[in-house]
Amino acid sequence: MASAFIFPGQGSQKIGMAMAFMNGYKAGMDTMEEIEDAISFNLSDLIENGTNEELTKTENAQPAIFAVSMMCVKILENEYGYNFKTKAKYFAGHSLGEYSALCAAGVFSLRDAAKLVRFRGELMSKAFPDRSKCAMVALIGIAAEDIEDLISEYQSGENICVIANDNSDSQVVVSGNRQAVFDFIEKAKQATQLTRAIELNTSGPFHSPLMAKAAIEFDKELASGFVPNDFKVPVVMNVSAQPLSSKDEVKGYMVRQITSRVRWRETMKLMTSDPEITKIVEMAPGRVLSNMLKRSNPEANTLSLETVSQIEEFIKSEEEN
């Protein structure tokens, strides 16, 4: 029997989210200090004393969430001797979280992964200067298959609207040119069981063709000296919803992810249908992914590790089994 570990993306950030790990564990403090040194930025001060508005900015939220997730990983490894290589069947991360998953799998060092996350966040923040002309909207009550045909009409020029995140059987996120996105939503209301449309606070039309320039710049950055290592644990990639363990292919997947759909529903289906996986563990911060999975699959055995007591309970349960 094995576990799968999932890592959250942008939207899971909150003020104070790292403090328990930093105050409770040397490994937590050491991890934060190494990340801060790598990106020359005082993340811990922002997380503890900053404002929600500042923390929510893409260029800040992404490295902050990555840092907390990696603190959780390093605490399990260094404080409790937890061996992911023998106990984890898969890692996966939602969008930004894929970088946490790749780092936890040993594909990139903590320092290199932190630099890539910081660069990615800055790149995505600046990729679409006129934010009033783009939008990302969560659609509640429908599945991707309900809108595939309808959204195929929005694929060119200024008329871009695509499925950015296929999150579950009852939630998808669309992304693109603002006018096209809201035109599509009006048509979807007439043609589907769409119950709610919630605009997300993002700095660009992520996971859409409109991020192509950002993908090109990120590809150049990856080629500038970031060398992948062998996978300790396979990572289920956003682009394919399939496990990857080839270091020679990982850069291509990372570049494609910037403009491609996050296939999270399929990723969760792969994990929940695997008889070897007895639990799916969300690494800090938050419970966004666990809650989303529970809503679509109430019988899924999920837990989240965002507090010291939750980590201790997890370790205790692992020792008993």
Minimum heavy-atom separation for [X] to [Y], with atom names?
{"X": "R261", "Y": "A144", "value": "NH1-CB, 4.3 Å"}
{"X": "L55", "Y": "A64", "value": "CD1-CB, 3.9 Å"}
{"X": "L194", "Y": "R196", "value": "CD1-O, 3.1 Å"}
{"X": "Q62", "Y": "M124", "value": "NE2-SD, 3.8 Å"}
{"X": "Q155", "Y": "C161", "value": "NE2-O, 3.3 Å"}
{"X": "R118", "Y": "I39", "value": "CB-CG2, 3.8 Å"}

Could you check whether [X] pairs with [Y] (Lys NZ or Arg NE/NH1/NH2 to Asp/Glu carboxylate O, under 4.0 Å)?
{"X": "D274", "Y": "K89", "answer": "yes"}
{"X": "K316", "Y": "E313", "answer": "no"}
{"X": "K269", "Y": "E266", "answer": "no"}
{"X": "D230", "Y": "K247", "answer": "yes"}

Atom [atom1] of [X]: over 12 foreign heavy atoms under 6.0 Å:
{"X": "K279", "atom1": "NZ", "result": "yes"}
{"X": "Q193", "atom1": "CD", "result": "no"}
{"X": "D149", "atom1": "CG", "result": "no"}
{"X": "E145", "atom1": "CD", "result": "no"}
{"X": "K232", "atom1": "NZ", "result": "no"}

**Request:** Classify the ring geometry between F84 and F5 as parallel (under 30°), tilted (30 to 60°) or perpendicular (over 60°).
**Result:**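 Perpendicular: the ring planes of F84 and F5 meet at over 60°.
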
Separation of [Y] [atom2] from [X] [atom1] (nearest 0.5 Å):
{"X": "E306", "Y": "K14", "atom1": "CD", "atom2": "NZ", "answer": "4.5 Å"}
{"X": "I280", "Y": "L289", "atom1": "CD1", "atom2": "CG", "answer": "10.5 Å"}
{"X": "I216", "Y": "I258", "atom1": "CD1", "atom2": "CD1", "answer": "10.5 Å"}
{"X": "I311", "Y": "I75", "atom1": "CD1", "atom2": "CD1", "answer": "4.5 Å"}
{"X": "S168", "Y": "I142", "atom1": "OG", "atom2": "CD1", "answer": "10.5 Å"}
{"X": "K115", "Y": "F226", "atom1": "NZ", "atom2": "CZ", "answer": "6.0 Å"}

**Request:** Decide yes or no on side-chain hydrogen bond (donor to acceptor under 3.5 Å, both in side chains) for Q10 and T58, but give the supporting numbers first.
**Result:** CA-CA 8 Å; Q10 194 167 343; T58 298; 3.1 Å; yes

**Message:** Just to verify, which of R295, E299, K294 counts as forming a side-chain contact (heavy atoms from CB on, under 4.5 Å) with N297?
**Reply:**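 Between N297 and the candidates, side-chain contact (heavy atoms from CB on, under 4.5 Å) is satisfied uniquely by E299.
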
**Request:** Treat each ILVMFWY residue as a node, draw an edge where side-chain heavy atoms are under 4.5 Å apart, and state whether I65 and V117 are in one component.
**Result:**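 Yes; tracing contacts between hydrophobic side chains, which count when under 4.5 Å, links both residues.
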
Heavy-atom distance under 4.5 Å between the side chains of [X] and [Y], does that happen here?
{"X": "H94", "Y": "N165", "answer": "yes"}
{"X": "M271", "Y": "L293", "answer": "no"}
{"X": "T259", "Y": "P209", "answer": "no"}
{"X": "I35", "Y": "F41", "answer": "no"}
{"X": "Y154", "Y": "V174", "answer": "no"}
{"X": "E158", "Y": "Q179", "answer": "no"}
{"X": "S175", "Y": "H207", "answer": "no"}
{"X": "M292", "Y": "M268", "answer": "no"}

**Request:** Given ring-ring contact (aromatic ring centres under 6.0 Å, His included), test F91 with F7 step by step and report yes or no.
**Result:** CA-CA 8 Å; F91 290 144; F7 296 84; 5.8 Å; yes

**Request:** Identify which one of E221, E59, Q257 satisfies the side-chain hydrogen bond (donor to acceptor under 3.5 Å, both in side chains) criterion when paired with R120.
**Result:**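 Looking at E221, E59, Q257, the match for R120 under the side-chain hydrogen bond (donor to acceptor under 3.5 Å, both in side chains) is Q257.
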
**Request:** Have a look at Y82 and tell me which of K87, E318, E77 forms a side-chain hydrogen bond (donor to acceptor under 3.5 Å, both in side chains) with it.
**Result:** E318

**Request:** May I have the step-by-step check of ring-ring contact (aromatic ring centres under 6.0 Å, His included) for F66 and Y99, ending in yes or no?
**Result:** CA-CA 8 Å; F66 167 79; Y99 290 76; 8.2 Å; no

**Asked** Please walk me through it: do L116 and M254 pass side chain to side chain contact (heavy atoms under 4.5 Å, CB included)?
**Response** CA-CA 10 Å; L116 286 171; M254 294 168 73; 4.2 Å; yes

**Request:** Return yes if a side-chain donor-acceptor contact under 3.5 Å exists between E36 and S44, otherwise no.
**Result:**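 Yes.
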
